[in-house]
2 protein chains.
Amino acid sequence: MAVDPECPVCRTADIVCAKWTLLVVRELDEGRSRFCELERSLTGISPRTLSLRLRELEEEGIVERQQLPELPPRTEYALTDKGRALLPMIEDMRCFGERWLDREDGAVLSAPSA
Amino acid sequence: MAVDPECPVCRTADIVCAKWTLLVVRELDEGRSRFCELERSLTGISPRTLSLRLRELEEEGIVERQQLPELPPRTEYALTDKGRALLPMIEDMRCFGERWLDREDGAVLSAPSA
DNA sequence: CGGCGTCACTTCACTTGGTAAAGTGGTTAT
DNA sequence: ATAACCACTTTACCAAGTGAAGTGACGCCG
């Protein structure tokens, strides 16, 4: 990937900066766990990308996949401890976004008064 | 970008997850400030990408560009306060990387077989 | 029993974004 | 005058993500 594979920041960036990754992690932390639930809450994600991301995240040990032996067989995804270790980063991003980004072209954080 | 423009996490991710962004911010925090210095320390970045990234970051108010009135005219880049607000995220990434990724990537989940 | 819907994906054609390599225009050094 | 340095830009290419559609296993309804 051209960035230093020895550098923990680079390696983390490589994982979390794939599009949708952090959002998938957040949804999983908020309770969504099935493919179609994630698909619905991550509006705009393509099933291909979701599938790819979930697989990569599983390979990284960030999510766990469970095939429930039900009929129809449902698949459930959950965060591992490693996955939960990404949550502080998401928190930081939320803080940054709220502090520096949120709606600079209008109301700050009050309800928009049309 | 298809992700919710109301969501601070999404908006931050949009900025920060462009390739090289965080690494540029880190280099700038570590003192590197000229184009060719960044180019050299970010081994593998193309000048086009660096140029693009620097411009986007400048537009976002994350870096500041200074044209020094020297000969030859040098350009110096520096983090703004907003830019420095990204550093905790980088710290988190370093922690995550050191705790979960660093040098043990193959060994972590080596399944015996199947 | 057949058609319809759901789930967890995969496939395909297309677009976007990053890369490598080279080029630009100005400057200083030899 | 030639070469090298700086801060980029241009060009052509390739990989990753997108939207739309398709797949196969099932379940539900009339």
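Chain letters run A, B, ... following the sequence lines, proteins first and then strands; every chain starts at 1.
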Is [X] salt-bridged to [Y], going by a charged N under 4.0 Å from an acidic O?
X     : Y     : answer
A:R84 : A:D81 : yes
A:R55 : A:E59 : no
B:R32 : B:E37 : no

N/O (side chain, [X]) to phosphate O (OP1/OP2, [N]) under 4.0 Å:
X     : N      : answer
B:R40 : D:dC5  : no
A:Y77 : C:dC9  : yes
B:T75 : D:dC8  : yes
B:S46 : C:dA20 : no
A:S51 : C:dT10 : yes
A:K19 : C:dG17 : no

Checklist entry - Does a distance-only test, which skips hydrogens and angles, find a donor-acceptor pair under 3.5 Å between the side chain of A:R48 and the base of C:dT11? => result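 Looking at the base of C:dT11, it does not pair with any donor or acceptor on the side chain of A:R48 (distance under 3.5 Å).
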
If I take atom [atom1] in residue [X] and atom [atom2] in nucleotide [N], what distance separates them, rounded to the nearest angstrom?
X     : N      : atom1 : atom2 : answer
A:R74 : C:dA8  : CZ    : C1'   : 12 Å
B:L42 : C:dG18 : CG    : P     : 14 Å
B:W20 : C:dG17 : CH2   : P     : 18 Å
A:E37 : C:dC7  : CD    : P     : 9 Å
B:I45 : C:dT19 : CD1   : P     : 7 Å
B:L50 : D:dA7  : CG    : P     : 10 Å
B:R65 : D:dC6  : CZ    : P     : 17 Å
B:E56 : C:dG18 : CD    : P     : 7 Å

Looking at every non-hydrogen atom in both residues, tell me the closest pair between [X] and [Y] and how far apart they are.
X     : Y     : answer
A:A85 : A:P88 : O-CD, 3.3 Å
A:K82 : B:F96 : O-CE1, 3.2 Å
B:C17 : A:C17 : SG-SG, 3.4 Å

Checklist entry - Which residues pass the side chain to side chain donor-acceptor pair (under 3.5 Å) test with A:E76, sequence neighbours left out? => result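 By the side chain to side chain donor-acceptor pair (under 3.5 Å) rule, A:E76 matches no residue at all.
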
Next on the checklist: To the nearest 0.5 Å, what is the distance between CG on B:L50 and CD1 on B:I45?
Outcome noted: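 Reported to 0.5 Å precision, the distance equals 4.5 Å.
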
Polar atoms only, N or O, under 3.5 Å: list the protein pairs with nucleotides 23-26 of chain C and their distances.
none

Next on the checklist: I need the residues from residues 25-35 of chain A with at least one non-hydrogen atom less than 4.0 Å from DNA chain C; give them sorted by number, or say none.
Outcome noted: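 A:R34, A:F35 - these, ordered by number, are the residues of the stretch whose heavy atoms sit under 4.0 Å from the strand.
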
Checklist entry - Should A:R26 and B:V9 be marked as a side chain to side chain contact (heavy atoms under 4.5 Å, CB included) after you check the CA-CA gap, both sets of side-chain angles, and the distance that decides it? => result CA-CA 10 Å; A:R26 186 181 56 171; B:V9 176; 3.7 Å; yes

Checklist entry - Which residue, B:T21, B:L57, B:L54, B:V16, forms the side chain to side chain contact (heavy atoms under 4.5 Å, CB included) with B:I62? => result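 Single side chain to side chain contact (heavy atoms under 4.5 Å, CB included) partner of B:I62 among B:T21, B:L57, B:L54, B:V16: B:L57.
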
